[in-house]
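What follows is a set of notes on a single structure, which appears directly below.
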Amino acid sequence: MTCFAQVRKRPLNKKELAKNEEDIIETLSNSLVVHETKLKVDLTEYMEKHEFVFDAVLNEEVSNDEVYRETVEPIVPIIFQRTKATCFAYGQTGSGKTYTMKPLPLKASRDILRLMHHTYRNQGFHLFVSFFEIYGGKLYDLLSDRKKLCMREDGKQQVCIVGLKEFRVSDVETIKELIEKGNATRSTGTTGANEESSRSHAILQLAIKRSVDGKESKPPRVVGKLSFIDLAGSERGADTTDNDKQTRMEGAEINKSLLALKECIRALDNDQGHIPFRGSKLTEVLRDSFMGNSRTVMISCISPSSGSCEHTLNTLRYADRVKSLSKGGNSKKDVLSSTMNLKESTAQPLSSGLPTASTFEDDINDTWPDQNERDDFNAPEDSFEQEKLMWKKNGKLDQYGFSTAENKLRKPNGQTKWKEPVRSDIKHSKSDDDLNALLQEEEDLVNAHRKQVEETMNIVKEEMNLLVEADQPGNQLDDYISRLTTILSQKAAGITQLQTRLANFQRRLKEHNVLVSSSGY
Ligand code: ADP
Ligand code: MG
């Protein structure tokens, strides 16, 4: 699977302009720079630049039409050729997800119908529309008065949403009405408008089906599918100010699903055998869209304002982690205005996706019904070689020596030393919960690491100042010694803390049998 990562920046809105907030996002053709204002210890301001590279960066002047042309139009034809495509909008509430997603399905339907009525005329193709919402881990049909839906998995691990209304459509006008109806149902929830929609994932699916042998008597089979997903606001996870229990639970659920989504995309892109679909309702529902020939487009929406800097950086880091690993030239850079070029680079995964199956072939066989659909997948060894090549290209292996942790996770023949977690047919078994907890802990570890690097850099700056002062004539030796002592113990404390965290995480991995201890690890 390939994931295309694009970023869309919206213009400053009235509220932000009224508050005199600045536009801190500088866009270039396929990269952008976030200018973050930070405070030094002495409270003077300095600018930190974070540069990110994506497949496309769409600035505030780009219209919805252009977004369609850039993101969805190219994938419409391939859904007639046994491919599933999924387009996500990710970002904090108010960043423009709904604004971006809303027009896309209708435009795509128009193109699909055009192809069906011309290129594929009389070939038995039909277009079906469904529209539902995942809210608090439960499914609701937006085309059937928010009827609560159940999900079932058949023997072949095919997920089926029981009772979901699917409408067969053959003209644009009908589709338009259905989409409008679904959108209206979505926004008239209990509290209405953005409040409610920011806590739910809305999923609109266009399925192309074909009657077998042109016989109308048999149910048509799915040929391809195009899904549009307006994800819940990404700020939820970090939002701890909500006191009400229900709200906190929802936040945790959203956090879990966005985390699981990221891990699934990474695992698929990495051609790993085991994909953690069961991490959340969202990923379970999307399982069939991710299997076989599939494409994903992640449109990350960002607000340009200085007040959203933290959220924007979080969104961009998320997007950065889902963007295709196999495309070597697309690595991100983060240029720090100050000395080191380390900051975003530390966002490299501790483990490239959790966890992978030991038996890749087996997994394909019981998950993918169609052998033809295997064409896209390389053996895991190849993908590691590719990845390694890419890392080399980025200069990361050589420059920073970050490769050690990666390499130690691999057996000499290049296979990852993960053990497949115990398969269980009981839904939401204990191991699923454990996996979720592990995914969260991995995220926490990476965040703690990032923070530690940041602190280290501040300490290094202080050290450099101290050295300059030490060279000044008349320098007080007492002062120098006491400051150096403080600095060194700060450094040591930071390292110890991170070491403890890392050791805990490793222990947890072992406890849950995810990682089999290997040589030197
Ligand atoms: P989200 O769905 O991410 O919460 P919305 O799509 O509702 O955010 O956007 C928030 C507000 O910003 C809306 O009023 C929307 O019309 C406006 N907006 C978002 N993106 C753009 C854009 N690219 N150009 C103009 N207005 C935008
Ligand atoms: Mg919205």
Side-chain angles (χ1 to χ4, degrees), residues 5-19 21 23-27 32 54 56-72 87-107 131-136 140 142 146 179-180 182-204 227-239 242 247 250-251 254-255 257-258 261 282 297-316 318-319:
Q6 321 205 332
V7 172
R8 188 184 201 191
K9 170 194 176 187
R10 69 158 167 77
L12 282 165
N13 64 29
K14 282 201 190 107
K15 231 180 179 172
E16 290 157 345
L17 286 169
K19 280 202 273 178
E21 289 192 17
D23 179 345
I24 56 160
I25 312 293
E26 181 192 339
T27 58
L32 62 84
F54 295 103
V57 172
L58 313 167
N59 69 21
E60 63 274 32
E61 279 153 26
V62 174
S63 69
N64 278 338
D65 273 344
E66 287 167 281
V67 172
Y68 176 73
R69 248 174 282 145
E70 184 78 32
T71 57
V72 182
C87 179
F88 295 96
Y90 180 94
Q92 75 179 108
T93 300
S95 59
K97 294 182 297 297
T98 305
Y99 182 88
T100 299
M101 288 309 272
K102 232 178 191 171
L104 301 179
L106 187 62
K107 289 180 202 289
F131 198 0
F132 60 100
E133 185 174 60
I134 304 178
Y135 183 74
Y140 300 92
L142 292 175
R146 251 217 178 89
I179 295 174
E180 276 167 9
N183 281 332
T185 309
R186 190 183 188 208
S187 56
T188 52
T190 49
T191 41
N194 235 344
E195 183 51 36
E196 181 97 343
S197 71
S198 74
R199 298 176 166 276
S200 68
H201 309 296
I203 301 170
L204 192 152
S227 308
F228 297 92
I229 303 171
D230 187 352
L231 291 167
S234 56
E235 73 283 1
R236 288 297 158 203
D239 197 346
D242 284 324
T247 317
E250 279 170 19
I254 292 165
N255 196 22
S257 60
L258 296 177
L261 176 64
L282 175 69
V297 180
M298 176 76 70
I299 308 177
S300 299
C301 298
I302 56 170
S303 149
S305 79
S306 43
S308 296
C309 185
E310 193 71 32
H311 284 310
T312 297
L313 284 171
N314 285 338
T315 296
L316 295 171
Y318 182 97

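Start at 1 and go down the list; that is how both ligands and their atoms are numbered. Note that the structure is predicted; figures quoted are calculated from it, not measured.
Side-chain contact check for Arg8 versus Tyr99: some heavy-atom pair is nearer than 4.5 Å.
Under the 4.0 angstrom criterion for non-hydrogen atoms, Arg8 is in contact with ligand 1. At a 4.0 Å cut-off, at least one heavy atom of Gln92 sits close enough to ligand 1 to count as contact. Heavy atoms of Gly91 come nearer than 4.0 angstrom to ligand 1 in no pair at all. Not a single heavy atom of Cys301 sits under 4.0 Å from any atom of ligand 1.
Of the polar atoms of Tyr99, at least one N or O is found under 3.5 Å from an N or O of ligand 1, judged by distance alone. At a 3.5 angstrom cut-off on N or O pairs, Thr98 counts as close to ligand 1. For a threshold of 3.5 Å applied to N or O pairs, the pair formed by Gly96 and ligand 1 contains at least one separation below that value. In terms of polar-atom proximity, Thr100 is not counted as a contact of ligand 1, lacking any N or O under 3.5 Å from an N or O of the ligand.
Of all the atoms in ligand 1, the ones that sit under 4.0 Å from a non-hydrogen atom of Pro11 are 22 (C), 23 (N), 24 (N), 25 (C). Per-residue contacts place Thr93 under 4.0 angstrom from the following atoms of ligand 1 (heavy atoms of the residue considered): 4 (O).
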Stepwise salt bridge (Lys or Arg N to Asp or Glu O under 4.0 Å) check, Lys102 with Asp230: CA-CA 8 Å; Lys102 232 178 191 171; Asp230 187 352; over 6 Å; no

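Under 3.5 Å, the side chains of Thr315 and Gln92 contain no donor-acceptor pair of N or O atoms.
Considering only residues two or more places apart in sequence or on other chains, Tyr140 meets the ring pair (Phe, Tyr, Trp, His ring centres under 6.0 Å) condition with none of them. Residues that satisfy the ring pair (Phe, Tyr, Trp, His ring centres under 6.0 Å) test with Tyr90, not counting sequence neighbours, are Tyr318.
Not one N, O or S atom of Thr93 sits under 2.8 Å from the Mg ion (ligand 2).
Between Glu16 and Arg10, at least one side-chain nitrogen of the basic residue sits less than 4.0 Å from a carboxylate oxygen of the acidic one, meeting the salt-bridge criterion.
The backbone N or O of Tyr68 sits nowhere less than 3.5 Å from a side-chain atom of Lys107 that would complete a donor-acceptor pair.
For Ser198, no heavy-atom contact with ligand 1 is shorter than 4.0 Å.
Thr312 and Ser303 get closest at one heavy-atom pair: OG1-O, 3.3 Å.
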